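Here's the structure we're looking at; comments come further down.
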Amino acid sequence: MKIAEIEQHLESIKNQALIDLGVPAEQAQEIALADAPNPEMGDRGFPTFALARVLRKGPPMIAQEITQKLSESLASDELIAEVIAAGPYVNFKLNPAKLAQIIIEQAQQETDQIGKGFIKDPTHWMIEYSAPNTNKPQHLGHVRNDLLGESVAQVLDFAGNKVTRVNLINDRGIHICKSMLMYQMFGDGQTPESTGKKGDHFVGYYYVMFGQKFDEEYNVWKQGDEAQTLLSQWLESEAGQKAAKEITDTGKLHNTFFKTYKDTYFNTQSTLGHLTRSMLVAWEDNDADVRALWETMNQWVFDGFDETYKRLGVAFDKVYYESDTYILGKGIVEQGLKDGIFHTIDGGAIACDLEKIGLSGDKILQRSNGTSVYMTQDLGTALKRFEEHDIDSMAYVVGDEQRHHFQVLFGILALLKPELEGKMHHISYGMVELPKGLGRMKTREGTTVDADDLMSAMFEEALTEVKERYPDLDEDEQHARAEAIGMASLKFFILYFNRTTTVHFDPKEAIDFKGKTGPYIMYAYARIQSIARELGGWPELPESADLIKICSALGTKQELDLLNRLRAWPHSLEVVTRDLDPSKIAGFAYDLASDFSTMYNHKGHKIKDMDGDRRTAQLLLCRATGNLLETALKILGIEVLEQM
RNA sequence: GCGCUCGUAGCUCAGUUGGAUAGAGCAACCGCCUUCUAAGCGGUCGGUCGCAGGUUCGAAUCCUGCCGGGCGUGCCA
């Protein structure tokens, strides 16, 4: 028997008992099993309220009757020790020895992949995440995306699916030209090598520079006649009058105008804007010099990203570049227009009426000048992926501010290809908010937390701790441990939040290794390994019948709690796979580590002082716990340390 | 304006899709190292689950309305 079958066993007993009472099978299944609040009441049970009306009896009486019948029929069931009527609830008390035997055997066989491949009908998923721009280094927001994407991929893979991980790099467009232009003007032949900078940071420096130079230019222009004329016109306009009512301060009011006008200025009057756009045109015309510069600078960024991804433990099976995909989708839009799915609007743009997909408004898919919008290439790219890869589902890990975009994308795709209905998924997540004072985490621009800085800060903090504890340890080993601990801390901190939760990133909290953290869980694992080291290794796994006998030596509250936690793993896995939310793995791993630590510290649980069956059973139980901790942490991308 | 989303302990978050006495971590305070690793364990303090109604045997969870925060609502990417 496997751990997952325990729940199935209870489930079928419950269903049959209810059906025997005359409850329709469907209703029987709807009554869910849940953990009993305390061990005296049993381990797992179900309420009988819903049956009261049908059976015309009070819930406690129904529970009594069911309990009585089950007690008789399950008398020889080796897994169920007792059926208990607790008021209106029917609870099963499991036989700890049998439970331990099932768990220990599976844990020993499957080591660090306990419960892998449980899904009934595996499919092929393509999952896209990260999707960075090549004009600046990655920051905390990307870190959440990267870690979440990687972990969701692990979850899908662990369930038994085939998973193809893809990245889509945004390597073209006006924003990329901004850093290129600055480098062309002020780069002076410098390179990442010559400056000793990481490639993405090197390029990011020029992107930031563009912002500064453009602001300078804009500020000068603001003082000129043209700007002042436009300002007066705006102040007299409807919008200006409206704003004036809300904003009394003249300086602020003027600023409001100049803020909204900034884009227009960039697109019409600005010298830098003009140069940037010319560069984009040159790029699109395949101008040799511009293309060469583009390739050089992109390569610098890719090299930088590779380092970041490697350290984060993120890897992709396929990388798409927007410079290749941005043309996609045009033909589809034209075909859709012919088929009457889309329509033209004033000025000649092609649009989709969103009422067709239950939303409102028109979504432009081709501008009146014939060019594409972002949605167009997303449509094209998605269809191409389904054509070129034998995939069943496509998932995008993107922030929840783009929910609407994906609703539209999926809706239009289903209009074009009805067979794609239900196969598209937006794995959305909340933003990462930063506190005002960032302390040591603050970065060059001051507004974001840089991914590389963050990882280094975590590493340094961990190194201090490691050196304090193990001053004599070989330096390489110190560094290896600090890296593992620092990254575990970061990953756990990011992943233990629900996907949809807005993370309030507090560096002090993130960098802490105590309490509900990654290192806490690793520590529990390391302690388990140290038990084996100190007590002469793990015992041989006995035959099942013997194992049950040996495990009957277990029975303290702490041991039972731990066993019940281990038992719940398959259920947690199912929930995680259904919701595609690794935070529940993080929660489980923490609870498991916590149950173990409680037992470990509770008096009467020192294995060194035990002998006979109790000692063997405890050792095997601890080993199983260690295996499951490793299994869970792996899904989160966290590696364990044998010693820490 | 409309749409989505969130509001749980001083702070940061869980809460098994409607069940049993609402839980953790941090912070504060009190204890536990002659050691199977104190990155740990135990304890104390801390709650009108935003507010008001409704549905239900039963609501932090579902519905309605208010209050408050975030996001979205481009011929931007």
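Treat the numbers as computed from the prediction; the structure is a model and nothing was measured. Reminder, nothing fancy here: chain letters follow the sequence lines and each chain counts from 1.
Taking the 5.5 Å centre cut-off and the 30° plane limit, the aromatic side chain of Y600(A) is not classed as stacked on rG40(B). Here F49(A) lies parallel enough and close enough to stack on the base of rG19(B), with planes under 30° and ring centres under 5.5 Å apart. A stacking contact between Y374(A) and rC76(B) is absent: the pair does not combine a ring-centre distance of less than 5.5 Å to the base's six-membered ring with planes differing by less than 30°.
For rU21(B), the base adopts the anti conformation, since its glycosidic angle falls more than 90 degrees from zero. Base orientation of rC33(B): syn, the glycosidic angle falling within 90° of 0.
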- Task: Represent RNA chain B in dot-bracket notation, 5' to 3'. Only Watson-Crick or G-U wobble pairs with both distances under 3.5 Å count; pseudoknot-style crossings use [ ] and interstrand partners use |.
- Result: (((((((..((((.....[...)))).(((((.......))))).....(((((..]....))))))))))))....
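Nucleotides rU5(B) and rU64(B) are separated by 11 Å at their P atoms, to the nearest Å.
Between the side chain of S368(A) and the base of rC75(B), at least one donor-acceptor pair of N or O atoms lies under 3.5 Å.
Here the side chain of N91(A) is nearest to one of rA20(B), rC36(B), rA77(B), namely rA20(B). Listed candidates were rA14(B), rU16(B), rA39(B). Nearest to the side chain of P519(A) is rA39(B). In this structure, the nucleotide among rA20(B), rG15(B), rC13(B) sitting nearest to the side chain of Y89(A) is rA20(B).
One finds a side-chain N or O of R367(A) lying less than 4.0 angstrom from the OP1 or OP2 phosphate oxygen of rA77(B). One finds no side-chain N or O of N38(A) lying less than 4.0 angstrom from the OP1 or OP2 phosphate oxygen of rU21(B).
Straight-line distance from the NE2 atom of H602(A) to the P atom of rC41(B): 14 Å, rounded to whole Å. Atom CE in M431(A) sits roughly 17 Å away from atom P in rU5(B) (whole-Å rounding).
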Got a list of side-chain donor-acceptor pairs under 3.5 Å for residues 38-52 of chain A, not counting sequence neighbours?
{"residue": "N38(A)", "atom": "OD1", "partner": "E40(A)", "partner atom": "N", "Å": "3.1"}
{"residue": "N38(A)", "atom": "OD1", "partner": "M41(A)", "partner atom": "N", "Å": "3.4"}
{"residue": "D43(A)", "atom": "OD1", "partner": "N564(A)", "partner atom": "ND2", "Å": "3.0"}
{"residue": "D43(A)", "atom": "OD2", "partner": "L94(A)", "partner atom": "N", "Å": "2.8"}
{"residue": "R44(A)", "atom": "NE", "partner": "E7(A)", "partner atom": "OE1", "Å": "2.8"}
{"residue": "R44(A)", "atom": "NE", "partner": "E7(A)", "partner atom": "OE2", "Å": "3.1"}
{"residue": "R44(A)", "atom": "NH1", "partner": "D35(A)", "partner atom": "OD1", "Å": "2.7"}
{"residue": "R44(A)", "atom": "NH2", "partner": "E7(A)", "partner atom": "OE2", "Å": "2.9"}
{"residue": "R44(A)", "atom": "NH2", "partner": "L33(A)", "partner atom": "O", "Å": "3.4"}
{"residue": "T48(A)", "atom": "OG1", "partner": "P59(A)", "partner atom": "O", "Å": "3.0"}
{"residue": "T48(A)", "atom": "OG1", "partner": "P88(A)", "partner atom": "O", "Å": "2.8"}

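Counting only residues at least two apart or in different chains, salt bridge (charged side-chain N to carboxylate O under 4.0 Å, His left out) contacts with residues 603-617 of chain A comprise E559(A)-R614(A).
Under the ring-ring contact (aromatic ring centres under 6.0 Å, His included) criterion, Y496(A) pairs with F492(A), sequence neighbours left out. By the salt bridge (Lys or Arg N to Asp or Glu O under 4.0 Å) test, D591(A) pairs with R565(A), sequence neighbours left out. Residues that satisfy the salt bridge (Lys or Arg N to Asp or Glu O under 4.0 Å) test with E639(A), not counting sequence neighbours, are absent from this structure. For H343(A), the side chain to side chain contact (heavy atoms under 4.5 Å, CB included) partners two or more places apart in sequence, or in a different chain, are I345(A), A351(A), D353(A), D362(A). Applying the side chain to side chain contact (heavy atoms under 4.5 Å, CB included) test to A488(A) and every residue at least two apart in sequence or in another chain returns M522(A), I638(A). Take K14(A) and apply the salt bridge (Lys or Arg N to Asp or Glu O under 4.0 Å) test, not counting sequence neighbours, and it matches E11(A).
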Where do N or O atoms of nucleotides 58-61 of chain B meet protein N or O atoms at under 3.5 Å, pair by pair?
none

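Of all non-hydrogen atoms in P570(A) and L566(A), the two that sit nearest each other are CD-O, 4.2 Å. Across every non-hydrogen atom of E128(A) and A131(A), the tightest pair is OE2-CB, 4.5 Å.
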- Base, backbone or nothing for each nucleotide of nucleotides 25-34 of chain B, written B, S, -, heavy atoms under 4.0 angstrom, 5' to 3'? SS--------
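Across residues 398-407 of chain A, E401(A), R403(A), H404(A) each have a non-hydrogen atom less than 4.0 Å from an atom of RNA chain B (numbered order).
With salt bridges taken as basic N to acidic carboxylate O contacts below 4.0 Å, none links R578(A) and E574(A).
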